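Please read the structure below before turning to the comments.
Quantities reported herein were computed from a predicted structural model and do not represent experimental measurements.
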Amino acid sequence: KGRVVGFSARDMAHSKESKRAKFINTSAKCPIYNKGVILYGLNVGKVHQPPLYIFEGYPDYVTAYKFGVKNVCAIGGTALTRDHINLIKELGISDIILALDGDEAGQNRTEGLLDQYFGGDETIRVRILKLPNTVGECDPDEYLEKYGVDGFKKLPMLTPFQWRLARFNYDIK
């Protein structure tokens, strides 16, 4: 409904050696905020779809919005849940694009989501946005900043089958 229900922040000084958390979110004890149920920006994305892009991070959403791409929402990590999927279905959204980061973690999570939630589910059309696994280009926000919305719209859009074929390691003996 567009109302504030929680807050999220990133420690910009965070490194792999840090003992602090990289992200700080409103406590799970908060009765109106549940990260596993709410999708960031869905209140805007749902009226500008189809399709609905699902990004990992909040900065991806903010940058896409800045560039005029408003049919988007963000998970706030890689933890897309069954509750998120149910919410999307309840809103009548049946065409989504998984646009998780092009790095190994994002692609591994994409594979997990396809296996866990979308295998055999014919009520939602799922495609995967193929982002490069290149430093400075693997996040949607980085890609948009570097190439603009026209470059972003030229990225390959794959069916789950095409995406799996592209990911397959043919060099295994």
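- To the nearest 0.5 angstrom, Ile128 atom CD1 is 7.0 Å from Thr159 atom OG1.
- Contact check for Ile75 versus Tyr40: no side-chain heavy atoms found under the 4.5 Å cut-off.
- Put simply, the side chain of Ser18 gets close to the backbone of Ser15: a donor and an acceptor are under 3.5 Å apart.
- Put simply, the side chain of Ile93 does not reach to within 4.5 Å of the side chain of Pro50, judged on heavy atoms.
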Would Arg109 and Glu56 count as a salt bridge (Lys or Arg N to Asp or Glu O under 4.0 Å) here? Give the steps.
CA-CA 10 Å; Arg109 186 58 187 142; Glu56 272 187 49; over 6 Å; no
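- For the atom pair CD1 of Ile88 and CD1 of Ile124, the computed distance is 6.0 Å after rounding to the nearest 0.5 Å.
- Legend: side chain to side chain donor-acceptor pair (under 3.5 Å) pairs involving residues 128-141, not counting sequence neighbours, sorted by first then second residue: Glu137-Lys146, Glu137-Tyr147.
- A side-chain donor-acceptor contact under 3.5 Å links His84 to the backbone of Ile38.
- Leu129 has its side chain out of reach of Leu100: every pair of non-hydrogen atoms, C-beta onward, lies at least 4.5 Å apart.
- For Leu165, the side-chain contact (heavy atoms from CB on, under 4.5 Å) test picks out Phe161, Tyr170, with sequence neighbours left out.
- Looking only at side-chain heavy atoms (C-beta outward), Val37 and Leu87 stay at 4.5 Å or farther from each other.
- Here the closest non-hydrogen pair linking Pro140 and Asp101 is CD-OD1, 3.4 Å.
- Residues Leu42 and Leu52 are in side-chain contact: their nearest non-hydrogen atoms beyond the backbone lie under 4.5 Å apart.
- Ala74 and Gly57 get closest at one heavy-atom pair: CB-O, 3.4 Å.
- How far NZ of Lys66 is from OH of Tyr61: 14.5 Å, rounded to the nearest 0.5 Å.
- Proximity of Thr63 to Val69: side-chain heavy atoms (C-beta onward) are nowhere separated by under 4.5 Å.
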Side chain to side chain contact (heavy atoms under 4.5 Å, CB included) for Glu111 and Arg164? Distances and angles first, verdict last.
CA-CA 8 Å; Glu111 185 169 24; Arg164 287 182 192 275; 3.8 Å; yes
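- The minimum heavy-atom distance between Tyr117 and Leu80, with the atom names listed, is CE1-O, 3.2 Å.
- Counting non-hydrogen atoms of neighbouring residues, nucleotides and ligands closer than 6.0 angstrom, the OH atom of Tyr65 reaches no more than 12 such neighbours.
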Evaluate the criterion ring-ring contact (aromatic ring centres under 6.0 Å, His included) for residue pair Tyr53 and Phe152; output intermediate values, then yes/no.
CA-CA 12 Å; Tyr53 286 86; Phe152 181 77; 5.6 Å; yes
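- For the atom pair CG (Leu155) and CD1 (Ile97), the distance works out to 10.5 Å, reported to the nearest 0.5 Å.
- Inter-residue side-chain proximity for Ile85 and Thr81 is flagged as unmet; no heavy-atom pair is nearer than 4.5 Å.
- Atom SG of Cys138 and atom CD of Gln107 lie 9.0 Å apart (nearest 0.5 Å).
- Considering only heavy atoms from C-beta on, Asn71 comes within 4.5 Å of Pro51 through its side chain.
- Note on residues 81-96: pairs passing salt bridge (Lys or Arg N to Asp or Glu O under 4.0 Å), not counting sequence neighbours, are Lys89-Asp121, Asp95-Arg125, Asp95-Arg127.
- Here the CG atom belonging to Asp60 is positioned 12.5 Å from the CD1 atom belonging to Ile54, to the nearest 0.5 angstrom.
- When all heavy atoms of Tyr58 and Gly76 are compared, the pair lying nearest together is CE2-CA, 3.5 Å.
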